[in-house]
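Counting convention: from 1, in listed order, for ligands and their atoms alike. Being a predicted model, the structure only gives us computed values, none of them experimental.
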Amino acid sequence: MAVVTQAEILSVIEHTAEIREYILKPDKYRRFEAGMFLQLSLEEVDSSDYWPESRTFSLASYYNEEKVIRLVIKKVGRYTTRIFNEVKQGSEVTIKYAYGDFILPVFDQKNDIVCLAGGTGVTPFFSFIEALEEQNELDRLKLLYSAKKYEDFIRLDYLKEKLNNDQLLLFTTQEENKETINRRISKEDVVNSASNYQDAHYYICGTTDFNLDFKEKLEAENLKNIYLDQWE
Ligand SMILES: Cc1cc2nc3c(=O)[nH]c(=O)nc-3n(C[C@H](O)[C@H](O)[C@H](O)COP(=O)(O)OP(=O)(O)OC[C@H]3O[C@@H](n4cnc5c(N)ncnc54)[C@H](O)[C@@H]3O)c2cc1C
């Protein structure tokens, strides 16, 4: 069952003018699956109140001993602008969590997990990394991560620390850069990244166009394990 709780903002990290990372300490900390999401409201309410305006954000961390939650938020519209203006270190927000079925395979502990991230869509994959690391299965994960420019990659030092060069493929679509592949992710990149591509699990999180494009391309290969995280 979902929990409604106040959460204190322990820290705010500014990645770019539009992207910030928030570390929250909820009063009530509950188990959840990597890849799930929460609802965040700026109003102070409890479970008996009418649920106010809120927005959905992926849990960018897995269940941990510190009992904190990481969120990565992109400022795009009205409510995220309010979050950027109003939420500081020490602020309190209300969260309701955890929801979603964009989660790691339950019955398969063997085959590859291929993650396709467009921009901020990398967010749920941070929790996948933490969960798989805890299970000693991080070598199953491949992350194909596309951003417009190199500076748009989020937590790149962390990703490079956790994933080797075969596991982390970086693509920039609007900048020539020696560190990255300078084009969009192709179907071949995806299929070739998996050691057993027919049995691998494909997780896609980006814009609607990004998601639908890859869903179509992978379905055309008769791949069966395809999961989408739709943000819009
Ligand atoms: C399962 C799920 C997980 C999600 N996870 C995350 C996450 O981890 N991080 C994250 O940042 N978001 C995430 N989102 C998206 C988030 O919930 C909000 O929808 C998004 O932040 C927009 O909220 P808003 O109030 O800022 O925009 P709104 O004002 O509600 O506007 C809605 C949409 O209109 C467009 N829009 C509005 N104003 C502008 C503008 N000035 N310029 C350009 N476009 C505009 C944008 O496309 C925007 O998304 C997730 C959504 C879902 C469903």
Under 4.0 Å from a heavy atom of G77: which atoms of ligand 1 are those, numbered in the order shown and with their elements?
24 (P), 26 (O), 27 (O), 29 (O), 37 (C), 38 (N)
Taking NZ, NE, NH1 and NH2 as the nitrogens, is one of them in K178 or E176 under 4.0 Å from a carboxylate oxygen of the other?
no
Would you say T56 and ligand 1 have an N/O pair spaced under 3.5 Å apart?
yes
Quick one: do E53 and R78 make a salt bridge, cutoff under 4.0 Å?
yes
Hey, is atom 35 (C) of ligand 1 touched by any protein heavy atom at less than 4.0 Å?
no
State the CD1-CD distance between I204 and Q230, to the nearest 0.5 angstrom.
9.5 Å
Which bit of V72 gets closer than 4.0 Å to ligand 1, counting heavy atoms only: side chain, backbone, both or neither?
backbone
Protein contact to atom 8 (O) of ligand 1 [nearest heavy atom, distance to 0.1 Å]
S58 N, 3.1 Å
At under 4.0 Å between heavy atoms, is it the side chain or the backbone of F37 that contacts ligand 1, or both, or neither?
side chain
Under 3.5 Å: N/O of F57 near N/O of ligand 1
no
L59 and F32, any side-chain heavy atoms less than 4.5 Å apart:
yes
Is any heavy atom of the protein nearer than 4.0 Å to atom 17 (O) of ligand 1?
yes
How far apart are the C-alpha atoms of M36 and Y99, what are their side-chain angles, what is the distance that settles it, and do they pass the side chain to side chain contact (heavy atoms under 4.5 Å, CB included) test?
CA-CA 5 Å; M36 287 185 151; Y99 302 96; 5.9 Å; no
Counting both backbone and side chain atoms, is some N or O of T81 under 3.5 Å from an N or O of ligand 1?
no
So does I69 get a backbone contact from the side chain of Y29, meaning a donor-acceptor N/O pair under 3.5 Å?
no
R140 side chain to N111 backbone, donor-acceptor under 3.5 Å:
yes
Using a strict 4.0 Å cut-off to heavy atoms of T123, name the atoms of ligand 1 that fall inside it.
8 (O)
Any heavy atom of Q230 under 4.0 Å from ligand 1? The part involved is backbone
With a 3.5 Å distance limit and no angle check, can you tell me whether D112 reaches the backbone of S195 through a side-chain donor-acceptor pair?
yes
Polar side-chain atom of D49 near backbone of D46 as donor-acceptor pair, under 3.5 Å:
yes
What is the nearest protein non-hydrogen atom to atom 11 (O) of ligand 1, stated with its residue, atom name and distance?
K74 N, 2.8 Å
For a side chain to side chain contact (heavy atoms under 4.5 Å, CB included) with F171, tell me which candidate from T180, N177, D189, N182 qualifies.
D189
With a 4.0 Å cut-off on N to O distance, would you call K149 and E179 a salt bridge?
no
For ligand 1, is there an N or O atom under 3.5 Å from any N or O atom of D229?
no
Answer yes or no: is there a side-chain heavy-atom contact under 4.5 Å between V68 and L24?
no
Only heavy atoms count here, so choose which of T207, V76, L71, V122 is nearest to atom 48 (C) of ligand 1.
V76
Between Y202 and Y227, is the ring-ring contact (aromatic ring centres under 6.0 Å, His included) condition met? List the steps.
CA-CA 6 Å; Y202 298 90; Y227 317 91; 8.9 Å; no
Taking non-hydrogen atoms only, is T80 closer than 4.0 angstrom to ligand 1 via side chain, backbone, both or neither?
both
Which atoms of ligand 1 are found less than 4.0 Å from any heavy atom of R78?
24 (P), 25 (O), 26 (O), 27 (O), 28 (P), 29 (O)
Contact check: I73 vs ligand 1, nitrogen or oxygen atoms, below 3.5 angstrom:
no
Ligand-residue contact atoms, ligand 1 with R55, heavy atoms, under 4.0 Å:
18 (C), 23 (O), 24 (P), 25 (O), 28 (P), 30 (O)
Under the 4.0 Å line, does any protein heavy atom show up next to atom 32 (C) of ligand 1?
no
Flag atom 25 (O) of ligand 1 as yes if some protein heavy-atom distance to it falls below 4.0 Å, otherwise no.
yes
Which residue and non-hydrogen atom of the protein lie closest to atom 3 (C) of ligand 1, and at what distance in Å?
W231 NE1, 3.2 Å
